[in-house]
Amino acid sequence: MDGQTAAAPAIIDDNGRRFSYGELTAMTLRAADALATLGVRAGDRVLLISENSAEYAVALLAINRLGAWLSPVNARHTATEIKAIADHAGARALVFTTGASANAARHGEEWRATVIAETEAGPLTVAGAFKVEPEPCGPDAAQNVAALIYTTGTTSAPKGVMLTNANLIWNAQTSSQVRGITADDEVLSVLPGTHIFGFSSVVLGALSVGATLRFIACFSPEAVLDALAAGVSVFPTVPNMFERILTHMERTGQPLSAPRLKYISAGGAPLDTDWKARTEKVFGLPLHNGYGITETSPGIATTLPSAPRHDLSAGPPVPGVTVRVENPDEQGVGELIIQSPGVMKGYYRNEAETQRVLLPDGWFCSGDMGRVEEDGAITVLGRAKELIVRSGFNVYPPEIEAMLTQDPEVLQAAVVGRPVKGNEEIIAFIIAPGAETSKIAERLRAHLTPYKVPQRIIKVDAFPAAPTGKVLRHKLLSHFAETLAADRSD
């Protein structure tokens with residue numbers, strides 16, 4: 001590292017402290033030495049219970065430096081969820097960002113963690129080392145597992161995805177390349193760094209090109225607007241966060257100040273036409289879309305700064321990725337099958353599921369339904385498990401959700417199917433304060449073919465969601481079981 005690079009800004013912490021790349025390296029070495037002294041070895045699984053902060057960045061780099069498997073876990077998870085992951089992973093140690101997160105500090109107390117080193121970013125607080133065996137490591141470091149990411153389980157129980165150093169390096173470099181991110185950029189890290197998008201594409205992507213990371217530990221519209229005014233140039237997030245920012249600005253009358261902002265994107269959840277148009281009008285920039293999943297590190301496709309799109313396509317595959325559609329129907333819709341340098345090594349301790357999704361020739365069966373447009377762009381239409389078959393017709397929830405959210409009274413919508421005698425009914429859950437569902441249904445019938453119109457439209461206050469804001473569809477029916485039972489149309 002030359003003097004200029006060492007002095008370059010690396011991190012602006014949530015508390016306002018700034019760290020150069022030289023300081024980040026020094027803190028990483030100190031933390032790695034402390035973990036090694038504790039007994040953390042190559043091949044050990046180490047959980048990082050954290051929220052976005054310089055502490056988080058130091059810990060993840062230190063764990064990787066030792067050749068251990070990093071398993072990042074959001075500090076907002078419950079104690080039961082964390083224990084389940086620790087047990088499944090066979091954790092050698094758990095690291096808690098206690099100086100930056102009250103949630104992490106609480107979990108640290110429950111695990112009786114102790115401070116094993118101090119850095120300028122904060123204390124290195126660790127529980128362990130527990131008596132477990134390391135996984136074998138091969139001579140080629142690039143092919144060794146670097147991260148064990150547990151999925152959010154939007155359609156099933158969480159699984160541990162094994163990603164190699166080669167997977168993550170490829171994604172970090174590709175992510176920055178296609179978005180045009182350079183060392184001159186300041187990248188906002190408000191997405192949880194414990195989720196694949198925030199971890200691999202945002203944090204590792206920015207660090208791979210020497211950009212500056214500005215951390216926000218807990219999302220709020222006010223915090224994001226302050227960061228944009230302070231000089232953020234790249235703002236990747238999820239659709240739900242844009243919705244909340246625009247709602248806040250409309251309610252308070254606060255104007256947008258973003259003097260350096262050049263790129264905004266929304267991923268990790270479906271986008272809808274109305275919110276895309278509103279966001280682009282306020283920000284004066286194209287709202288880019290993308291498609292990625294944990295098992296592919298995650299980058300698969302993204303819209304390009306040189307060719308913004310007006311539709312809801314995720315754009316063309318990123319360099320190095322090939323997508324094909326398996327068993328397409330008459331509309332060209334089928335399961336998306338992926339070939340990519342980012343495809344995972346497999347699911348940890350789940351060989352049966354690994355063999356189900358990884359084909360012998362290296363292709364990955366995504367479980368997502370979609371099509372490839374004439375220009376090569378990918379349109380994603382939801383999970384295969386979420387496909388609704390109504391009266392013999394295939395119905396894709398995102399199509400109905402997009403139409404619902406075009407209604408001025410509907411803020412957010414989530415659509416699922418439920419088996420009934422001889423058929424499957426469509427149930428739409430909506431957030432629409434003050435609206436009458438009968439009138440929403442009436443307006444919807446003017447724009448949808450009859451078999452796509454929901455049989456039930458249920459108003460709710462909030463959806464069950466992952467920390468990223470992604471709606472947990474598989475929990476909707478059980479979460480609102482009482483509401484469904486009380487609904488008069490049931």
Side-chain angles (χ1 to χ4, degrees), residues 11-19 47-60 72-79 81-82 85 94-110 113 121-123 125 149-150 152 186-203 206 212-232 234-249 251-252 254 256 258 261 264-269 412 461-472:
I11 291 173
I12 303 172
D13 208 355
D14 187 60
N15 60 14
R17 292 202 61 183
R18 295 172 180 259
F19 301 96
L47 269 61
L48 173 55
I49 317 301
S50 67
E51 295 184 74
N52 291 1
S53 60
E55 276 185 71
Y56 153 83
V58 169
L60 77 86
V73 180
N74 196 303
R76 295 174 212 173
H77 277 23
T78 66
E81 290 170 319
I82 290 173
I85 292 174
L94 289 83
V95 179
F96 304 87
T97 57
T98 56
S101 165
N103 291 314
R106 175 171 48 82
H107 288 303
E109 290 178 2
E110 293 172 354
T125 309
I149 311 289
Y150 281 82
T152 53
E186 185 177 302
V187 180
L188 186 60
S189 179
V190 63
L191 291 168
T194 50
H195 180 268
I196 188 63
F197 188 5
F199 164 63
S200 183
S201 296
V202 179
V203 173
T212 304
L213 272 169
R214 181 183 284 270
F215 284 119
I216 292 179
C218 182
F219 168 81
S220 73
E222 297 89 342
V224 170
L225 291 171
D226 287 346
L228 297 177
V232 163
V234 176
F235 178 26
T237 186
V238 292
N240 175 262
M241 291 185 182
F242 276 117
E243 293 170 17
R244 290 179 60 184
I245 291 168
L246 265 59
T247 300
H248 168 81
M249 292 175 68
R251 186 179 69 250
T252 63
Q254 181 176 354
L256 175 69
L261 190 62
I264 58 174
S265 67
Q412 196 171 356
D461 294 327
F463 297 134
T468 57
K470 182 191 295 185
V471 175
L472 298 177

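Since this is a predicted model, take the numbers as computed values, not measurements.
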Euclidean distance, [Y] [atom2] relative to [X] [atom1], rounded to 0.5 Å:
X: N52; Y: N74; atom1: CG; atom2: CG; value: 8.5 Å
X: D14; Y: R214; atom1: CG; atom2: CZ; value: 10.0 Å
X: T98; Y: H107; atom1: OG1; atom2: NE2; value: 12.5 Å
X: F219; Y: T237; atom1: CZ; atom2: OG1; value: 6.5 Å
X: L228; Y: E186; atom1: CG; atom2: CD; value: 9.5 Å
X: S201; Y: H195; atom1: OG; atom2: NE2; value: 10.0 Å

>> Is there a side chain to side chain contact (heavy atoms under 4.5 Å, CB included) between M249 and L225? Walk through the geometry before answering.
In response: CA-CA 9 Å; M249 292 175 68; L225 291 171; 4.0 Å; yes

Practice item. Using the test side chain to side chain contact (heavy atoms under 4.5 Å, CB included), find all partners of A465 that sit at least two apart in sequence or belong to another chain. Key: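 For A465, no residue satisfies side chain to side chain contact (heavy atoms under 4.5 Å, CB included) once neighbours in sequence are set aside.
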
On a heavy-atom basis, which atom in [X] and which in [Y] lie closest, and how many Å separate them?
X: V190; Y: P236; answer: CG1-O, 4.4 Å
X: F215; Y: A54; answer: CD1-N, 3.9 Å
X: V238; Y: G267; answer: CG1-O, 3.0 Å
X: A104; Y: A75; answer: N-CB, 3.7 Å
X: L191; Y: G198; answer: CB-CA, 4.1 Å
X: F242; Y: S265; answer: CE1-O, 3.4 Å

Does any non-hydrogen side-chain atom of [Y] lie less than 4.5 Å from one of [X]?
X: E110; Y: I82; answer: no
X: N103; Y: E51; answer: yes
X: P123; Y: E55; answer: yes
X: L48; Y: F199; answer: no
X: F197; Y: V202; answer: yes

Discussion item. Against I12, only a single residue in T212, V232, L188 fulfils side-chain contact (heavy atoms from CB on, under 4.5 Å); can you say which?
Written reply: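 Testing each of T212, V232, L188 against I12, the sole residue satisfying side-chain contact (heavy atoms from CB on, under 4.5 Å) is T212.
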
**Study point:** Verdict with reasoning, L261 to F235, per side chain to side chain contact (heavy atoms under 4.5 Å, CB included)
**Key:** CA-CA 8 Å; L261 190 62; F235 178 26; 3.9 Å; yes

For H248, is there any backbone N or O sitting under 3.5 Å from a side-chain donor or acceptor partner on T252?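 The answer is yes, because a donor-acceptor pair under 3.5 Å joins these two groups.
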
Report task. With side chain to side chain contact (heavy atoms under 4.5 Å, CB included) as the test, would you mind laying out the steps for V58 and F19 before giving the verdict? Result -> CA-CA 11 Å; V58 169; F19 301 96; over 6 Å; no

